Amino acid sequence: MKRFKTFYFSVAISHQHTFIALSVIGVLASCNTLEKASLHGLNSGYYKLKSDTTSTQNVYLDVTEEKIDVYRRIKRQPDNKQFMTIPLNTITDSLIFEPIVFKKQGLDIDITSIILKYRPSVAGLPAQLTTDLNMALYVGWRYDSYKIMSKKNPLGRNYSKISNRGYDFGVFAGPGATLISPFTTRNKRVDEYNGMIIQTGVAGFIESNVASFGLAIGYDYLMNSDRQVWIYNNKPWLGFVVGIALN
């Protein structure tokens, strides 16, 4: 009978660290000082306009809760008179228009936390899935597309619907904690403690209006002399990352 190799994970999950990380993100998301800065929605600014009947145009949008005024961009400045107004939060019998797409790209700055880290097998030891406390500053290049369509409600009345698709790629760096134990040092250390690390890497995000979710590939550097025996020092890992926007 053939023997099959069994692949398994050694799961090292600290519920306390997970709670702290999620609490920090929750506080950041709820703070009034970051509330406006964290919104990735359709805001006033420069965009590219695209529709089925017109070629791509550079425009400026003045966005309020009631409407979007669209101005052509002439010599890097908005024109004095808008050439289109899109009402929002309005339900009428006559509000019908063709789908319109506004696109933009720019710098994205987030506070991130790697919620899960998958560490591949090292030196014949099992792979690990960890949730250690960590935070990092992320800087990337973001792409957004906002599609505005005329829709009908069940009563047959028309309203405007905005759908957003966004993604970005960039780099991150920041501090974190990790478990140093006999397992992670191949029995070179008999005690267990949480060591401080510096984590760096690259990440890609799919964006929502407030938070970003994505995957990261990174490396950890242990900030004490045990880095010489820690099996994961400067070894790659794959992580699930969550970000809160600052810009």
Side-chain angles (χ1 to χ4, degrees), residues 11-47 61 63 102-120 128-147 162-179 194 196-223 232 234-247:
V11 180
I13 298 180
S14 169
H15 295 289
Q16 182 179 7
H17 288 164
T18 303
F19 175 78
I20 294 173
L22 294 177
S23 297
V24 171
I25 291 176
V27 171
L28 289 174
S30 62
C31 287
N32 290 332
T33 56
L34 292 179
E35 185 174 2
K36 292 183 179 180
S38 67
L39 294 178
H40 268 317
L42 184 63
N43 299 314
S44 298
Y46 291 101
Y47 294 79
L61 304 186
V63 183
F102 296 105
K103 295 184 177 182
K104 72 173 181 178
Q105 54 181 286
L107 186 67
D108 190 23
I109 302 175
D110 291 357
I111 291 178
T112 67
S113 179
I114 296 86
I115 303 300
L116 298 173
K117 285 184 180 179
Y118 167 71
R119 300 184 185 275
Q128 276 201 321
L129 188 64
T130 63
T131 59
D132 298 315
L133 175 65
N134 64 83
M135 300 293 287
L137 181 65
Y138 167 85
V139 179
W141 197 253
R142 177 184 169 92
Y143 300 83
D144 276 297
S145 177
Y146 302 90
K147 187 174 184 179
I162 302 177
S163 59
N164 169 225
R165 294 180 180 179
Y167 62 92
D168 65 63
F169 302 94
V171 298
F172 65 87
T178 190
L179 178 66
N194 288 319
M196 180 178 177
I197 59 171
I198 295 296
Q199 55 187 1
T200 61
V202 297
F205 287 92
I206 296 176
E207 309 287 351
S208 66
N209 281 346
V210 176
S212 307
F213 306 89
L215 296 177
I217 298 175
Y219 297 82
D220 291 341
Y221 180 79
L222 185 63
M223 299 297 290
Y232 297 124
N234 282 333
K235 295 294 192 301
W237 48 260
L238 178 66
F240 174 71
V241 61
V242 176
I244 300 295
L246 293 182
N247 65 325

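Owing to the predicted nature of the structure, the values given are computational and were not obtained by experimental measurement.
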Interatomic spacing from CG in Asp168 to CD1 in Ile109 - rounded to 0.5 Å: 11.5 Å
Counterpart residues, side chain to side chain donor-acceptor pair (under 3.5 Å), relative to Tyr46 (two or more places apart): none
Nearest-0.5 Å distance that lies between atom NZ in Lys104 and atom CG in Asn43: 6.0 Å
Leu42 vs Leu61, side-chain contact (heavy atoms from CB on, under 4.5 Å): CA-CA, chis, key distance, verdict: CA-CA 9 Å; Leu42 184 63; Leu61 304 186; 3.9 Å; yes
N/O donor-acceptor pair under 3.5 Å between Asn134 side chain and Asp132 backbone: yes
Residue Tyr219 excluded, over 12 heavy atoms near OH under 6.0 Å: no
For the student: nearest non-hydrogen atoms of Asp220 and Arg119, plus distance: OD2-NH2, 2.6 Å
For Met135 against Ile111, the heavy-atom pair lying closest together: CE-CG2, 3.4 Å
Atom pair CG/CD1 of Leu133 and Ile114 - distance to nearest 0.5 Å: 10.5 Å
Closest heavy-atom pair and its distance - Thr131, Ile115: CG2-O, 3.4 Å
Residues forming a ring pair (Phe, Tyr, Trp, His ring centres under 6.0 Å) with Phe205, sequence neighbours excluded: Tyr138
Exercise: identify the closest heavy-atom pair between Pro175 and Met196: CB-CE, 4.0 Å
Set of side-chain contact (heavy atoms from CB on, under 4.5 Å) partners for Ala216, sequence neighbours left out: Phe172, Ala203, Trp237, Val241
Student check: side-chain heavy atoms of Asn164 and Tyr146 closer than 4.5 Å: yes
Test side-chain contact (heavy atoms from CB on, under 4.5 Å) applied to Pro120 - qualifying residues, sequence neighbours left out: Tyr118
Any donor-acceptor pair under 3.5 Å from Thr200 side chain to Ala173 backbone: no
Contacts of type side-chain contact (heavy atoms from CB on, under 4.5 Å), residue Tyr143, not counting sequence neighbours: Gln105, Trp141, Tyr167
side-chain contact (heavy atoms from CB on, under 4.5 Å) partners for Val202, two or more places apart: Val171, Ile217
Parallel, tilted or perpendicular, as decided by the 30° and 60° cut-offs, for the rings of Phe102 and Tyr47: perpendicular
